[in-house]
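Contents: one structure, followed by commentary.
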Amino acid sequence: MKIFNTMTRKKEEFVPVEDGKVKIYACGVTVYDLCHIGHARSAIVFDVIRRYFRYKGFDVTYIRNFTDIDDKIINRAKEEGIPWHEVAKKYTEEYYRDMDALGIERADIEPKATEYINDMIEMIKGLIDKGHAYVVDGDVFFSVDSFKDYGKLSKRSMDELKAGARVEVDKRKRNPLDFALWKASKEGEPSWPSPWGPGRPGWHIECSVMSMKHLGETFDIHGGGADLIFPHHENEIAQSEAYTGKPFARYWVHNGFITIAKEKMSKSLGNFFTIRDILERFDPEVVRIFLLSTHYRSPIEFSEDQLRETEAALDRFYSTVMRVEGYLQRMSKKQKDNPEQKRMEEVLETLPRRFEEAMDDDFNTALAIGHLFEAIKEINRYLDARPSGPKAQETLTRAIELLRSIGGVLNIFQRSPRQWHLSLLKTRKVDITEEEIERKIAERQEARKQKDWQKADSIRDELLKHGIVLEDTLQGTVWRVKV
RNA sequence: GGCGGCGUACCCAAGCGGCUAAGGGAGAGGUCUGCAAAACCUUUAUUCGCCGGUUCGAAUCCGGCCGCCGCCUCCA
């Protein structure tokens, strides 16, 4: 497997610290508001990476944290007039609601910053003892000058960083780039006792502490959004390696952004769509495929049109499943030679290999999905050749099973066509129930039997106005939500 | 200003030295069908922002130019 490592800016062969095991830490979110689609991308990317390692037979430990104490949470608490921990609790629940809906599996360990305050204090003490940190008025800062490799991840020299510094410099810092490990709290702010007085941890320290506590001082993969490269991950490396004297994470994996009108989607720009908004109008699986149809490091331009197109693509899968299921029910038992048989078998045989090749190459989900859709086309082709007999039955059954099992690694293709259409009924706001549709179909069947085409067509047109398309197949009439 | 990335058909997107430049969407024509729908077939990039260079051979490597974006501040 090859993974692009931000540290070396190259694809590298993946070699785990411990044979057969992979330890991953992905930076989660600060729980102070609803998540937007950019958060979803990061979560989905690492969800897939984790699932793929598992598929490859690795024993995976996956950690994703929650930052549950921070200035933004404190501010939000003031705005909402509730205690800070209520804010954290509320948005942690909202986070789960959205991410669960998107089919993102819970991490093996989901640490919260406030549960590790003592460990952080211990680490900060150690850093002070080793001369990497200093105390000023109850604050503790990390001294970047004490760590010679500072800037190695973001590929910046200290001089460049100083020259470009746009931040107001805290005069108490020895170097403007020094960052807070511990912040003294003001009156009325949440605080924890510490050797330096009451305060709360700085942002970066939590990830170092929680990752090393659960994964060891050196672990395999550390990741998050590309905006975390500097300063967050740079600072994590500095404090962790200064503390242990050992390399921190071996592979740094960063996902690209979602953009709107070519600009990064962000809270501060206000150009974001919450996951909640999007799931009102789109099926979660559509969102998932949309986000996985572009390589994880490239930017994705958010577009409703693209989501619609993805919906149409996914509908192809479920239509094909429906078609195969219908076909199998009435397929002739008589075995006969089919010129397409060999081709179909070849497609099925090579599909897992092609899927793995794509995923082994820095998690190329876009290519992998391309292969899956190619197979869908081949299945339809095969079906058009009217195969029959036990061999065809076995081939078709295997084809669908294969799509489902490989799709499972991306957590797509897992539902029945009916579940898909029921979901579309909701997201496309179809104002007619499944029962009514079935009733109309029965009514139309009657008309068709009488060869009353006019009536049959008018019923069909009526349903179409509600966004329902009918298909008359040899196995009977089936309905679909028009996409 | 420093550092980094991107520019592939009408749209999205993979390909990163050599087989016909994946796949999806959209458009056009056809097959099938009571008519449709779905599906399939054909068709839409002799060409990969532009200009040079390296090479037997480049969308893929190198240099320059143009355009867009990100990080350097909280940010997935």
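Every heavy atom of this structure was used, including side-chain atoms; hydrogens, water molecules and symmetry mates were not. Convention: sequence-line order gives letters A, B, ...; per-chain numbering from 1.
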Original post:
Whole Å only: how far is the NE2 atom of His421(A) from the P atom of A37(B)?
Top reply: 16 Å
Original post:
Does any N or O donor sit under 3.5 Å from an N or O acceptor when you compare the side chain of Asp227(A) with the base of G70(B)?
Top reply: no
Subject >> RNA chain B-proximal residues of residues 459-468 of chain A, any heavy atom under 4.0 Å >> reply: Arg460(A)
**OP:** Write down the distance between CG (Asn380(A)) and C1' (C32(B)), rounded to a whole number of angstrom.
**Re:** 14 Å
Original post:
So, does the side chain of Arg381(A) form a donor-acceptor pair with the base of C41(B) at under 3.5 Å?
Top reply: no
**OP:** Would you indicate whether the side-chain heavy atoms of Phe290(A) and Glu309(A) approach each other to under 4.5 Å?
**Re:** no
**OP:** Could you pick out which residue, Ile369(A) or Arg444(A), lies toward the 5' side of RNA chain B when each is mapped onto its nearest nucleotide?
**Re:** Ile369(A)
**OP:** Rounded to the nearest angstrom, tell me the gap between atom CD in Glu309(A) and atom P in G25(B).
**Re:** 9 Å
**OP:** To the nearest Å, give me how far apart CD1 (Ile258(A)) and C1' (G70(B)) are.
**Re:** 14 Å
Subject >> Salt bridge flag under 4.0 Å for residues Asp315(A) and Lys482(A) >> reply: no
Subject >> Non-hydrogen side-chain atoms of Ile3(A) and Ile221(A) separated by less than 4.5 Å >> reply: yes
**OP:** To the nearest Å, give me how far apart CG (Leu228(A)) and P (C71(B)) are.
**Re:** 11 Å
**OP:** Please determine, for the side chain of Met265(A), which listed nucleotide (A76(B), A13(B), C69(B)) has the closest atom?
**Re:** A76(B)
**OP:** Please examine the side chains of Glu285(A) and Phe413(A), heavy atoms only from C-beta on, and report whether any two atoms are closer than 4.5 Å.
**Re:** yes
Subject >> Positions of residues 350-366 of chain A (non-hydrogen atom under 4.0 Å from RNA chain B), listed by number >> reply: Asn364(A), Ala366(A)
**OP:** Kindly indicate whether the side chain of Ile44(A), heavy atoms from C-beta on, has any atom under 4.5 Å from the side chain of Ile104(A).
**Re:** yes
Original post:
Given atom CG of Asp71(A) and atom P of C74(B), what is their separation to the nearest angstrom?
Top reply: 10 Å
Original post:
Charged N to carboxylate O under 4.0 angstrom, Arg64(A) versus Asp47(A)?
Top reply: no
Subject >> Nucleotide nearest Asp384(A) (side chain, heavy atoms from C-beta), chosen from G25(B), C40(B), A76(B) >> reply: C40(B)
**OP:** Please indicate yes or no: is the ring centre of Trp453(A) less than 5.5 Å from the centre of the six-membered base ring of G34(B), with the two planes inclined by under 30 degrees?
**Re:** yes
Original post:
When the distance from CZ of Phe66(A) to P of A76(B) is rounded to whole Å, what number comes out?
Top reply: 13 Å
**OP:** Please report, rounded to the nearest Å, how far the P atom of C74(B) is from the CG atom of Asp170(A).
**Re:** 13 Å
**OP:** Can you check whether any acceptor in the base of G23(B) is under 3.5 Å from a donor in the side chain of Glu374(A), or vice versa?
**Re:** no
**OP:** Among His85(A), Glu206(A), Lys112(A), find the one that has a side-chain contact (heavy atoms from CB on, under 4.5 Å) with Asp68(A).
**Re:** Lys112(A)
Subject >> Contact under 4.0 Å: Arg316(A) side-chain N or O vs C40(B) OP1/OP2 >> reply: yes
Original post:
Would one find a side-chain N or O of Lys155(A) under 4.0 angstrom from OP1 or OP2 of G2(B)?
Top reply: no
**OP:** Using heavy atoms and a sub-4.0 Å distance, could you list which residues of residues 403-419 of chain A are near RNA chain B? By number, please.
**Re:** none
**OP:** May I ask you to say whether Asp33(A) pairs ionically with Lys72(A), meaning some side-chain N is under 4.0 Å from a carboxylate O?
**Re:** no
Original post:
Less than 4.5 Å apart, any side-chain heavy atom of Phe282(A) and any of Arg308(A)?
Top reply: yes
**OP:** State, to 0.1 Å, how close Cys27(A) and His222(A) come at their nearest heavy-atom pair, and which atoms those are.
**Re:** SG-NE2, 3.7 Å
Original post:
Where does the angle between the aromatic ring planes of Phe142(A) and Phe147(A) fall among parallel (under 30°), tilted (30 to 60°) and perpendicular (over 60°)?
Top reply: perpendicular
Original post:
When all nucleic acid strands are considered with a 4.0 Å heavy-atom cut-off, which category describes Glu263(A): base, sugar-phosphate, or nothing?
Top reply: sugar-phosphate
**OP:** Taking the side chain as every heavy atom from C-beta outward, state whether Arg398(A) and Glu345(A) have any pair of such atoms under 4.5 Å apart.
**Re:** yes
**OP:** With RNA chain B as reference, determine whether Asp457(A) or Leu314(A) sits nearer its 5' end, using the nearest nucleotide of each.
**Re:** Leu314(A)
